Amino acid sequence: MIYRRHGKTREKLSIVGFGGMRFKNIKDRETCVGMILEAAKLGINYFDTAPKYFGIKSEQTFGEAFKELKKQNMPFYSSTKTFETTEKGIRKELDRQLKRLGLDAVDFYHIWSVTSLDNWRKRKRDGILDTFVKLKEEGLIRHICVSSHLIGDDIKELLDENIFEAVLFGYSAYNFSIRHKAFEAIKQYDIGCVVMNPLGGGIIPQHPDIFEFIKEYKNQSVVEAALHFIFSHEKITTALVGFATIDEVREAVHAVETFKGADAVHINKIKSEATNSFGTLCTGCQYCDNCPVEIPIPKYMEAYNHKILYNSNKTILDRLKWHWDIPKEIAGTCIECGQCEEVCTQHIPIISRLKEIAEL
Ligand code: SF4
Ligand code: SF4
């Protein structure tokens with residue numbers, strides 16, 4: 001296993017982390033706990049959960065595994081999150097989480113899923129930052145972190161608060177272009193960076209034909225290639241993989257073993273070929289993100305990608321609701337000025353896709 005310093009937290013994290021949101025059968029507690037223990041034996045030391053993953057079952061499962069890891073004197077880091085914003089709400093939730101996890105403190109506690117700057121400003125007005133600082137002073141959390149779906153300048157603005165010790169966001173060979181700005185702040189403030197969905201939320205392994213171009217050699221799996229893409233980024237501490245089975249854990253650990261260091265030529269080739277290889281998929285470049293009626297076009301087009309890849313309208317709606325937290329109706333406010341289509345690097349028929357989304 002390879003370990004990296006997690007920014008200013010100075011903790012040493014494994015470059016693969018265990019995400020607890022995709023267990024194949026969470027009711028089979030013994031198997032799930034076994035997966036976590038096996039991952040720890042293989043060198044993974046970062047374990048991430050949340051209070052709404054499988055209800056509270058994910059946190060409970062990690063709680064059982066942590067008990068065993070403590071018994072065996074094996075080192076591990078815990079990571080979880082809260083949607084609560086008020087001091088009262090956060091304290092109540094954290095108290096429950098610590099009980100479920102069987103811990104005295106959470107190592108990495110996240111302000112969960114900042115989806116817009118407005119949403120962030122509201123949480124700040126509720127006093128979320130002061131509460132997190134107090135919790136840290138009281139020793140109930142060890143590091144103040146944030147998870148976010150913001151993109152472009154917005155994610156940089158969030159990180160420019162310079163309060164966060166670590167950040168968690170989605171990043172992969174599929175959508176790397178939407179968050180490259182975050183790394184300016186990460187570098188400037190020495191913020192630890194964990195990335196979720198390094199396999200594009202399953203898109204990469206499910207579409208090996210589309211992602212053939214990310215491979216370093218012919219017989220390599222796209223999973224290994226996608227993880228190497230993440231490992232190659234020196235500012236990313238950990239690729240957080242949501243494991244469903246023990247085989248997936250082993251596959252990710254194998255990818256660490258075969259990683260021989262960043263190959264700048266190959267990474268640049270992936271970045272330049274992505275534009276050609278994605279066909280009519282939105283690459284998230286954001287050139288169109290200047291709509292006169294303020295439609296967040298890249299977010300809608302990213303959601304539409306899921307229809308192309310999975311041939312299902314429902315995936316668009318799920319993506320808008322659960323990932324981007326924006327209503328489909330805004331798509332219907334387009335005045336068809338055409339400005340976005342003129343600049344789209346992929347020549348995507350944005351207007352008709354927006355109409356389709358609005359009509360769903
Ligand atoms: S065509 Fe519609 S979505 Fe595109 S910039 Fe104009 S108003 Fe916005
Ligand atoms: S310009 Fe085209 S490819 Fe780039 S974000 Fe907008 S819709 Fe997507």
Side-chain angles (χ1 to χ4, degrees), residues 114-118 148-158 169-184 195 197 200-201 203-204 207 209-214 226 229 267-313 315-360:
V114 174
T115 51
S116 70
L117 287 177
D118 283 347
S148 174
H149 293 304
L150 291 178
I151 57 178
D153 289 327
D154 288 354
I155 183 132
K156 186 173 176 314
E157 192 172 328
L158 176 74
F169 55 72
Y171 189 84
S172 69
Y174 161 67
N175 71 354
F176 59 87
S177 60
I178 59 176
R179 298 217 170 82
H180 66 94
K181 284 241 168 172
F183 292 102
E184 291 173 22
V195 298
N197 294 329
I203 284 176
I204 295 173
H207 300 277
D209 44 336
I210 296 176
F211 290 94
E212 179 75 22
F213 72 98
I214 70 171
F229 176 81
I267 295 300
N268 287 337
K269 186 171 151 275
I270 291 177
K271 289 186 172 172
S272 65
E273 277 189 26
T275 309
N276 302 326
S277 307
F278 288 152
T280 60
L281 291 177
C282 166
T283 59
C285 68
Q286 295 179 74
Y287 279 69
C288 61
D289 201 13
N290 190 23
C291 170
V293 290
E294 298 187 353
I295 296 173
I297 304 168
K299 291 179 181 172
Y300 280 106
M301 294 302 109
E302 195 275 346
Y304 195 94
N305 281 352
H306 288 248
K307 172 181 175 167
I308 299 172
L309 293 165
Y310 297 110
N311 197 21
S312 146
N313 285 331
T315 56
I316 302 182
L317 300 180
D318 284 349
R319 194 78 181 157
L320 291 175
K321 185 170 177 192
W322 300 113
H323 188 88
W324 295 117
D325 194 19
I326 45 174
K328 61 184 186 306
E329 290 78 12
I330 298 174
T333 61
C334 169
I335 54 170
E336 302 189 20
C337 70
Q339 155 185 321
C340 55
E341 290 192 359
E342 260 174 50
V343 294
C344 177
T345 53
Q346 299 302 102
H347 308 291
I348 289 172
I350 297 171
I351 299 173
S352 67
R353 285 187 187 178
L354 285 174
K355 262 191 202 159
E356 213 182 311
I357 293 171
E359 281 163 13
L360 281 178

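Everything quoted here is computed from the prediction, not taken from an experiment. Note that ligands are numbered from 1 as they come in the structure, with each ligand's atoms numbered from 1 the same way.
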- Message: I need the single residue from I357, I297, L354, V293 that forms a side chain to side chain contact (heavy atoms under 4.5 Å, CB included) with C334. Which is it?
- Response: L354

Heavy-atom pairs closer than 4.0 Å: do any link ligand 1 to the side chain of [X], the backbone, both, or neither?
{"X": "V293", "value": "side chain"}
{"X": "I350", "value": "neither"}
{"X": "N290", "value": "neither"}
{"X": "E341", "value": "neither"}

- Query: For the residue pair F211 and F229, is the inter-centroid distance of their aromatic rings smaller than 6.0 Å?
  - Reply: no

Using a 4.0 Å cut-off to any heavy atom of [X], which atoms of ligand 1 qualify?
{"X": "I351", "value": "1 (S)"}
{"X": "G338", "value": "1 (S), 6 (Fe)"}
{"X": "E336", "value": "1 (S), 2 (Fe)"}
{"X": "C334", "value": "1 (S), 2 (Fe), 3 (S), 7 (S)"}

Give the residue, atom name and distance (to 0.1 Å) of the protein heavy atom nearest [atom].
{"atom": "atom 4 (Fe) of ligand 1", "result": "C340 SG, 2.3 Å"}
{"atom": "atom 8 (Fe) of ligand 1", "result": "C291 SG, 2.4 Å"}
{"atom": "atom 6 (Fe) of ligand 1", "result": "C337 SG, 2.3 Å"}
{"atom": "atom 3 (S) of ligand 1", "result": "L354 CD1, 3.5 Å"}

- Item | Basic-acidic side-chain contact under 4.0 Å: R353, E341 | no

- Item | C344 neighbourhood, listing ligand 2 atoms whose heavy-atom distance to it stays under 4.0 Å | 1 (S), 2 (Fe), 3 (S), 7 (S)

- Counting from 1, what ligand 2 atoms have a heavy atom of M301 closer than 4.0 Å? 7 (S)

For the backbone of [Y] and the side chain of [X], can you confirm whether one donor and one acceptor N or O come within less than 3.5 Å of each other?
{"X": "R319", "Y": "Y300", "value": "no"}
{"X": "E356", "Y": "I351", "value": "no"}
{"X": "N305", "Y": "L281", "value": "no"}
{"X": "S148", "Y": "V114", "value": "yes"}

- Query: Could you go step by step and tell me if E212 and E273 meet the side-chain contact (heavy atoms from CB on, under 4.5 Å) rule?
  - Reply: CA-CA 11 Å; E212 179 75 22; E273 277 189 26; over 6 Å; no

- Task: Please find out if atom 4 (Fe) of ligand 1 and some N, O or S atom of C288 are separated by less than 2.8 Å.
- Result: no

- Message: Does the plane of the ring in F183 sit parallel, tilted or perpendicular to the ring in Y171? Use 30° and 60° as the thresholds.
- Response: perpendicular

- Any chance you could lay out the salt bridge (Lys or Arg N to Asp or Glu O under 4.0 Å) test for E157 and K181, step after step, and finish with the verdict? CA-CA 10 Å; E157 192 172 328; K181 284 241 168 172; over 6 Å; no

